[in-house]
Structure formats: C-alpha cells, structure tokens
Amino acid sequence: MKYQNLLFDVDDTLLDFHAAENQALKALFAEIKYPLTDDMVTYFRALNEHMWQRFELGQLDRQTLVNTRFTKLFAHFNETVDGIKYEQIYREFLNQGHQLEPHALELLNSLKDQFNLFIVSNGIGSVQQHRLNDSGLSTYFKHIFVSEEVGYQEPRIEFFDFIANHISGFTPKNALIIGDSLTSDIQGGANAGIDSVWFNPALQPNHSSVSPTYQIDDLLDLKEIL
C-alpha cells in the first residue's frame, strides 16, 4: 500500500462550506435586522476569499482577517458597523453548519480501518472542531491539524513539517493530501513533496501554476486511487 497517512481538508472537501456560510450569513443578517441582498452575498464571498488567499500568502494575520471582514463588507455599502461583534455572531451560526459533502461518510467508513486519517485545515480551530463533532466526522480522525494551533498556515512547508513531527512513521512518500483548494491544499502538497488529490466536483479549469497528482469529482473516486 503506497499511501498510509491521508490528510483531508475540511471545507468543501468533507463539509459543504458554502451551505454553512449561506446559513450563517442569513442568520446574522436576520439577527441584526438588516436586509441581505444578493450583491452583499456576492461581495462578501469575493472579499472573504481574497482575504483568506492573503492569509495563505502570509500577507494578513488571522485575527485581522476575522475582525475586519464585516467592517470591510459594510463599508463597501457605505455603512459603519461593529465588525468584531458581527464576526462573533456570524461565527456562532457558522459553528452550527455541518452539512456533509456527498459520500463523505461512506468514504470515511471504507477507509478508517486501512489508513491513518488526519484533518489539515486553515480554518478557525474552534469552528472546525465544533463542526466536525456535530457532523459525526471527528471520530474518524487520529488528529486534527489546524493552522491556528500549528502556528503556520497551508501551504507553508512549516505547516507540513509540524505534521511530519507529530505523526509516527510519517514520510512525504507515504502521505496523500486531499482537498479542494489549489492554493493551500495542492500547493502545500507540492511544497512538502506530498502527492495530492484535487477534489473538483464542479470540474473547474486549473488556472494555477500547481498541478495535483490526481483529480476527482466524486469523493468515492478516491478509493480507486488508493
């Protein structure tokens, strides 16, 4: 068996983050009694994605990201708000979002006895732990590696060095990283010499400079690779 240690991303790989995000945004705006328009959702998604990409590149720290994203969102629509307060409300609702990606449980059930399963994520530690617990996924994993606790973010090599030092018998050659993000999961795998699986259910074109070792559009296709 070539791969023994499987490193799974969480958002939009095992859990449907878009569904959780939609639910949390709607609940936040209902709580603050402010109309949530399609324009606001579109702008928030683009803003949030851009800020997380800057975080991956080390251009933005996590605390600044989460504490300013709602201030920036409302500023774009000429409103001044308490962004930190809105973030706290949003995160409480985000904690409750644990919709599974199709076939996630079926896949993990088929792998749990043959492989060592781990979580790797740039997400917020408390949020990810909460969602993994509530979805029933946390029991499948030997450890959850979140950048907030590791001290480095994907795709930095230090993130994967930390993992290598905390998994017995780990080598880049016996590991496989599975995720939806070319810029964090797949680039991280490339940086660390770890083979990667790009989970791409929408069959989006790859416009990045990094190439995954494998590509799948259904989680169950991972079993053929293994």
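The basis for the numbers below is simple: all heavy atoms, side chains too, and nothing from hydrogens, waters or symmetry mates.
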Can you tell me how far the [atom1] atom of [X] sits from the [atom2] atom of [Y], to the nearest 0.5 Å?
X	Y	atom1	atom2	result
Glu101	Phe17	CD	CZ	12.0 Å
Leu117	Leu111	CG	CG	6.0 Å
Gln63	Ile124	CD	CD1	8.5 Å
Phe44	Arg69	CZ	CZ	5.0 Å
Thr183	Phe55	OG1	CZ	12.0 Å
Lys223	Ile216	NZ	CD1	11.5 Å

State, to 0.1 Å, how close [X] and [Y] come at their nearest heavy-atom pair, and which atoms those are.
X	Y	answer
Asn122	Ser184	ND2-CB, 4.0 Å
Ile177	Ile194	N-CG2, 3.9 Å
Ser126	Asn95	O-OD1, 4.2 Å
Thr13	Gly179	OG1-CA, 3.5 Å
Gln129	Ser138	NE2-CB, 4.3 Å
Pro155	Asn191	O-ND2, 2.8 Å

Q. For the side chain of Thr42 and the backbone of Asp38, is there at least one donor-acceptor N/O pair under 3.5 Å apart?
A.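 Side chain of Thr42 to backbone of Asp38: a pair is present.
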Q) Would the Tyr90 and Phe70 ring centres measure less than 6.0 Å apart? A)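 That pair passes the under 6.0 Å test.
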(Q) Ring centres under 6.0 Å, that's the criterion: do Phe118 and His143 meet it? (A)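 When the ring centroids of Phe118 and His143 are compared, they turn out to be at least 6.0 Å apart.
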Q) If you measure from the Lys or Arg side-chain nitrogens to the Asp or Glu carboxylate oxygens, is any gap between Arg156 and Asp161 under 4.0 Å? A)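 A salt bridge is absent here (no side-chain N lies under 4.0 Å from a carboxylate O).
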Q | Carboxylate-amine/guanidinium proximity below 4.0 Å for Asp11 and Arg131 | A |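 Yes, Asp11 and Arg131 are salt-bridged.
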Q.
Show, in sequence, the C-alpha distance, side-chain angles and deciding distance for Ile178 and Leu6, and conclude whether the side-chain contact (heavy atoms from CB on, under 4.5 Å) test is met.
A. CA-CA 7 Å; Ile178 303 100; Leu6 306 185; 4.2 Å; yes
Within a strict 4.5 Å, meaning less than it, do heavy atoms of the [X] and [Y] side chains meet?
X	Y	result
Val197	Thr213	no
Glu56	Glu154	no
Thr37	Met40	yes
Leu15	Val10	yes

Q | Parallel, tilted or perpendicular: ring planes of Phe74 versus Tyr34, cut at 30 and 60 degrees | A |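 Answer is perpendicular, since the angle exceeds 60°.
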**Q.** Sequence neighbours excluded - ring pair (Phe, Tyr, Trp, His ring centres under 6.0 Å) pairs with any residue from residues 155-194
**A.**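 Counting only pairs at least two positions apart or across chains, the ring pair (Phe, Tyr, Trp, His ring centres under 6.0 Å) contacts touching residues 155-194 are Phe162-His166.
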Q: Could you note down all residue pairs passing ring pair (Phe, Tyr, Trp, His ring centres under 6.0 Å) where residues 184-226 supplies at least one of them, sequence neighbours left out?
A: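 Residue pairs passing ring pair (Phe, Tyr, Trp, His ring centres under 6.0 Å), neighbours aside: none found.
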**Q.** Full working for salt bridge (charged side-chain N to carboxylate O under 4.0 Å, His left out) between Arg91 and Glu87
**A.** CA-CA 6 Å; Arg91 206 180 299 181; Glu87 171 66 28; 3.3 Å; yes
**Q.** Distance-only donor-acceptor check, side chains Asn22 and Arg45, under 3.5 Å
**A.**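 Judged by distance alone, the side chains do pair up.
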